[in-house]
Structures are given as structure tokens and as C-alpha cells.
K.L.:
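For reference, the structure I am asking about is given below.
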There are 2 protein chains.
Amino acid sequence: MAKQLTPKKQRFLDFIRSFSGDHDRAPTFHEIMEGLKIKSLGTVNWYVKELEKIGVLERGKYNAKRALSLLDQSTGNELPLLGLIAAGYPLEAVENRETIEVPISYIHPDNYVLKVKGDSMIDDHIEDGDYVIVRQKAEASQGQTVVAFVNNEATLKRYYLKPNGVELHPRNPDYDVIRVSAEDEFRIGGVVLAILRQYE
Amino acid sequence: MAKQLTPKKQRFLDFIRSFSGDHDRAPTFHEIMEGLKIKSLGTVNWYVKELEKIGVLERGKYNAKRALSLLDQSTGNELPLLGLIAAGYPLEAVENRETIEVPISYIHPDNYVLKVKGDSMIDDHIEDGDYVIVRQKAEASQGQTVVAFVNNEATLKRYYLKPNGVELHPRNPDYDVIRVSAEDEFRIGGVVLAILRQYE
DNA sequence: TCCTATTACTCGTAAGTCACTCGTAAGTAA
DNA sequence: TTACTTACGAGTGACTTACGAGTAATAGGA
């Protein structure tokens, strides 16, 4: 994921990041200029355009003005999109690191997002394109909805631990319960916190 | 998106917050002026209008009154929950002002949230308890999913304007199209932006 | 070894655009 | 009247954007 930046550009980016951390706003061109001993605003502007081109920096869309116009990639309102999930298939990793915005209460280092591919979960009213917000953990409580891997096939089910083993119940009662046997390779990918569907 | 305030605006907001904490009432324009070393009421008013526009500040509803007309709002990551929606029934308003958190890019003064009641929209894979994020507006483009009111009955449908009138298509093609006739009282409550389902 | 081309970066300045400012005056409740 | 809110018009300068030209480092070719 290392983007192969030139050292100077990297330094420029690091400055913005640390500045934004210290004050909680992005620096102005002037502040960058002073902080980096650059002697011209044009140079600063050149960097911004350059970094914007690569996609590691964003300008404020609405604002485009004032102190807060540069925005560092992850603003802390997003979670990483780790892959595509389709019931009955292995997880399909997503190559270029993407993130999607979620309600801030879901922001947590152990949380991540999966995108649903296909209509395999339509019975649970999860459509193609929906986003699943997941808390990464290996155990679950009775009845929680989890991302489960059985023999490396992903699925979304309610988790129950019964005396004779793990049971995975579909949320839609019209479908069958999966009983995990001892021979099955089984693992919990995380607990499902929420579903987000974006129209348009 | 709309979060990033300019430092000055932030300072203005902070002042109101701390003033309200100290005296339990909102400051008058004059008090803000003195407290912030502003030399003109016009400036204060400018800030108020500005902050109101972004939706982080509210004026007293019955307007123009007493010292206490400014009201600070919550964290800015939430939208108001305006009511319960069930297909085929009038909107049911929710009495006590509630809010729910949404991804920040949905934060906008014209946006609001409805909670789905019952399984009337299950065919569109919207379950009981789901939250619908809506942008309030009276018109829609072809094919957008809208909150529509036909004869005061609410429903979620795709909107199409055809030569012979408005058509409302269910998202699920197995169901029938609603054709709005001239006698029908019809109104768009807003455009659906997203669905949020919280488990547990 | 020198020549040349390319890339990475630098400078300064001029033009444009809001963010924020002021003062004053009109309006509205107690 | 008093205390306060709303409205308008007109700055000003902090800040961004755009342009043109210049340097420094590297690589490749002859």
C-alpha cells in the first residue's frame, strides 16, 4: 500500500498530518510555507495539486477557502472496506485500499466494512451493494449476528453455541439451520453491527 | 462533511456553549459582542446566520424574543428522527425530539430520518426498525427513490414522471406500479438517500 | 566526457474570492 | 422607553488559484 512518494512529497504530507493533529484544522498555505521553509506559495500550491493528482490529498469541496481546505485522507469518520462478501463463497479481498463513511459511534480500530456482492443474502433482506459494518472478534454471544466462515465459505448468520456444537441460524426463519460439525473448519470473522444501504 | 468549521466560527460556538453553561441562558447579541471583542452587532448576526445555515445552531422558534433565543445543538453527527413510516399509513410523528447518528456526509439541514414500522416494506428489503435517511425536497428526478404521500398515505417508491402523470414503481419488480391520477392528493416528502439497519 | 532530455521541484507575482468586519437603521417584544 | 433582534451595504485583507519561468538532479546516449 506504500504509494511510492518522493521524499519531499512525503515530508509535505507528514507536515499536514502532524499539523492537523496539533491544531484541529488543516494548515493554510502560508502556514505550510513557514513550517516547511518554502519561500513561495506557488510551490505549496504545486505540491497540493501534485498530491491531489495521486489521490492522497483532498481539497475541501464546499469550502475551497480559508484555513480548512486541505483534507488528509482519513478524517476519522471512515472504516476500511476490507472485501466483498457473498454467502457461500470465500471473502474476496478488495485490492486498492478504500474506506467508507459510517456513523461515528461505529468508529473503532477493530471495526471494518464488507460490501455485499450478489443476492445471496436477499432472504435476510440484505441486497447487492449493501455495506456490512463488522466488529472484528473471534467469539460471539448467543444470538448475535456474525460473519462466519465454514470451510472458508463466508456467510452472515445468527450464532448459537449449543451443547452439541455451534449452530448458525439464518435471520429468515424459512431457511435451514447450519450445524457445524467437528470436521468443519469454522471461524468467526466478527460480529455484525449494522447494515448501510446507499441509494442512487 | 459539513463538519470542519473555521477557527473563528468554532470560537464563536465555543463562547455560546460556555456562556450557556455559566449563566443558564443563552447570551444576547450584545453579550457575545463584548465577550468576543466584536465591534458590531451585524457581525454577530452574520455568525448566527452562518452557523444556522450549517445547522449547528438554532434560533428560538417564536423568534425575536428575550435573551434566550440561541440554542446550541448536539455533536453534529446526528439527524433528527422525525417520525415512523409504514407503507400505506400516514406518517406517525415522534413526540420527543430524538436524533440518530449517521455518516457525516449525510449531515445537512434538509436531511432527516424516519424509522420504519412494521413489515410493509419487506418486499423492498426494508425491515421493521430500519432507519431511512431522507433529503427533504419537493421534486425528484426520474428513477429516484422517494418518500411519497398519496392521499396522505406514506410509501417508499421509485419516482417517474411520465407524459400521463406520475408513476410510483416499487423497487421490487414483482409488485404493481402506482399511477397517480389527477384526483389524488400527491406530494413528495423527500428523496431517500440511504438505509441504516442496526443489529442487536 | 560532454550533450541533451526529463523529472522534480522552486520561485514571485498578479488576480480572484470569500470569511469576516464594521456601522447604522429599522423592527419587535417587554 | 428600553432591551434586544434583524436587515442592508460596503469594505478589507487573509487566503487560494493561476501562470510563467528558472534551477537542480538524474539518466541515457554518443
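Order of the sequence lines fixes the chain letters, A, B, ..., with proteins taken first and strands second; residue numbering starts at 1 for each chain.
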K.L.:
What residues form a side chain to side chain contact (heavy atoms under 4.5 Å, CB included) with A:Y199, not counting sequence neighbours?
P.N.:
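A:Y199: side chain to side chain contact (heavy atoms under 4.5 Å, CB included) contacts with A:R197, B:I126, B:T145, B:R171, B:V192, B:I195.
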K.L.:
Side chains of A:D123 and A:Y175: any donor to acceptor distance under 3.5 Å?
P.N.:
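Yes, because at least one side-chain N or O of A:Y175 sits under 3.5 Å from a partner of the opposite role on A:D123.
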K.L.:
Under the rule for ring pair (Phe, Tyr, Trp, His ring centres under 6.0 Å), what residues qualify as partners of B:Y47, not counting sequence neighbours?
P.N.:
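Listed in chain order: B:F12.
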K.L.:
Consider only side-chain N and O atoms of B:Q198 and A:Y106, and report whether a donor and an acceptor are under 3.5 Å apart.
P.N.:
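Per modelled atom types, B:Q198 and A:Y106 side chains form a pair under 3.5 Å.
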K.L.:
Figure out the CD1/C1' separation between A:I32 and D:dA14, and round it to whole Å.
P.N.:
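Taking atom C1' of D:dA14 as the reference, CD1 of A:I32 is at 15 Å.
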K.L.:
Distance check: side-chain N/O of B:K8 vs OP1/OP2 of D:dA14, anything under 4.0 Å?
P.N.:
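For D:dA14, neither OP1 nor OP2 has a side-chain N or O of B:K8 closer than 4.0 Å.
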K.L.:
Can you check whether A:S141's main-chain N or O pairs, donor with acceptor, with A:Q144's side chain at less than 3.5 Å?
P.N.:
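The answer is yes, because a donor-acceptor pair under 3.5 Å joins these two groups.
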K.L.:
Please report, to 0.1 Å, the donor-acceptor pairs under 3.5 Å made by any side chain of residues 157-166 of chain A, with sequence neighbours excluded.
P.N.:
unit_1	atom_1	unit_2	atom_2	d
A:K157	NZ	A:T155	OG1	2.9
A:R158	NH1	A:G143	O	2.9
A:K162	NZ	A:E167	OE1	3.3

K.L.:
Any side-chain N or O of A:Y47 less than 4.0 Å from the OP1 or OP2 oxygen of C:dA8?
P.N.:
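A:Y47 to C:dA8 OP1/OP2: no side-chain N or O under 4.0 Å.
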K.L.:
Need one value for B:K9: base, sugar-phosphate or nothing, where a base atom within 4.0 Å counts as base even if backbone is also close, heavy atoms only.
P.N.:
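Counting heavy atoms under 4.0 Å across all strands, the contact made by B:K9 is with sugar-phosphate only.
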K.L.:
Give a yes/no on whether any side-chain N or O of B:K49 is located under 4.0 angstrom from OP1 or OP2 of D:dA7.
P.N.:
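So the side-chain polar atoms of B:K49 never come under 4.0 Å of the phosphate oxygens OP1 or OP2 of D:dA7.
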K.L.:
Between side-chain atoms of residues 32-46 of chain A and protein atoms elsewhere (two or more places apart, or another chain), which donor-acceptor pairs fall under 3.5 Å?
P.N.:
unit_1	atom_1	unit_2	atom_2	d
A:S40	OG	A:G42	N	2.9

K.L.:
Restricting both atoms to N or O, compile the protein contacts to nucleotides 11-13 of chain C shorter than 3.5 Å, with distance only.
P.N.:
unit_1	atom_1	unit_2	atom_2	d
C:dC11	OP2	A:K39	N	2.9
C:dG12	OP2	A:K39	O	3.2
C:dG12	N7	A:S40	OG	2.5

K.L.:
Go through the side-chain N and O atoms of A:D184 and A:N151 and say whether any donor and acceptor fall under 3.5 Å apart.
P.N.:
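A pair is found: one side chain offers a donor N or O, the other an acceptor, under 3.5 Å apart.
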K.L.:
Which nucleotide in the set D:dA18, C:dT10, D:dT6 lies at the smallest distance from any side-chain heavy atom of B:F29?
P.N.:
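So the side chain of B:F29 is nearest to D:dT6.
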K.L.:
Write out a two-atom table: protein N or O, nucleotide N or O from nucleotides 25-27 of chain D, distance below 3.5 Å.
P.N.:
none

